[in-house]
Amino acid sequence: MRDNIKKILYIILLIWTVITLFIVYKKIEFPFLIQFIVSYVICLLLAAIYFIISILLNMRKLSMSTIRKMLLKFIIVSFVLWAFNVLFTYLTKGELILNDKILLPIACSFGLTFGEMVFFKKNEY
């Protein structure tokens, strides 16, 4: 029952994302659309908070070796994404900025590494 509710909420969030992207892309302007987009952003933030809490609760149940492997994967993926970001910036703009744009690789690696804990059972990751 709980899994069905989660799937329905994910589908609603996906549909809401598509509608919001369409509204922003087409630059449609109606009085209620600002409220629609603000409510979408609030729902997106609540979903992110839910994901983080779910990951932390599921991490408690894992063994220390599994947590170590996941943290190592997180650090490696963060570094690789950051290095590609720095390299791409250097090749396109000719600037070598090491401390800029580090938050996005960390967030992406967090989602790639620990995101599976939200969607799969314990024995699948």
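The figures here come from the full heavy-atom set of this structure, side chains too, leaving out hydrogens, waters and symmetry mates.
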Indicate every side-chain donor-acceptor pair of residues 24-49 with a distance under 3.5 Å to a residue at least two apart or in another chain.
unit_1, atom_1, unit_2, atom_2, d
Ser39, OG, Gln35, O, 3.0
Ser39, OG, Phe36, O, 2.7
Tyr40, OH, Thr17, OG1, 2.9

Going by atom type alone, with no hydrogens or angles, which donor-acceptor pairs under 3.5 Å involve a side-chain atom of residues 103-114 and a protein atom two or more places apart or on another chain?
unit_1, atom_1, unit_2, atom_2, d
Ser109, OG, Ser78, OG, 2.4
Ser109, OG, Pro105, O, 3.1
Ser109, OG, Ile106, O, 3.0
Thr113, OG1, Ser109, O, 2.8

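Each of Ile102 and Val80 belongs to its own hydrophobic cluster when Ile, Leu, Val, Met, Phe, Trp and Tyr are linked at side-chain heavy-atom distances under 4.5 angstrom. Note on Trp16: it does not cluster hydrophobically with Phe51, by side-chain heavy-atom contacts below 4.5 Å among ILVMFWY residues. Cluster annotation: Ile52 is connected to Phe74 through the hydrophobic network of ILVMFWY side chains, with a link wherever side-chain heavy atoms come within less than 4.5 Å. Side-chain heavy atoms closer than 4.5 Å link hydrophobic residues (I, L, V, M, F, W, Y) into clusters, and following such links, even through other members, never connects Ile55 to Val77. Under the 4.5 Å side-chain heavy-atom criterion for grouping Ile, Leu, Val, Met, Phe, Trp and Tyr, Leu62 is connected to Leu56 within one hydrophobic cluster.
Residues meeting the ring pair (Phe, Tyr, Trp, His ring centres under 6.0 Å) test with Phe79, sequence neighbours left out: Trp82. Under the side chain to side chain donor-acceptor pair (under 3.5 Å) criterion, Ser65 pairs with Ser63, not counting sequence neighbours. Under the side chain to side chain contact (heavy atoms under 4.5 Å, CB included) criterion, Leu57 pairs with Ile53, Arg60, sequence neighbours left out. With sequence neighbours left out, the side chain to side chain contact (heavy atoms under 4.5 Å, CB included) criterion links Leu72 to Ile76.
Rounded to the nearest 0.5 Å, atoms CD1 (Ile67) and CE (Met70) are 8.5 Å apart. Of the inter-residue distances, the one linking Ile12 atom CD1 with Ile19 atom CD1 reads 10.5 Å to the nearest 0.5 angstrom.
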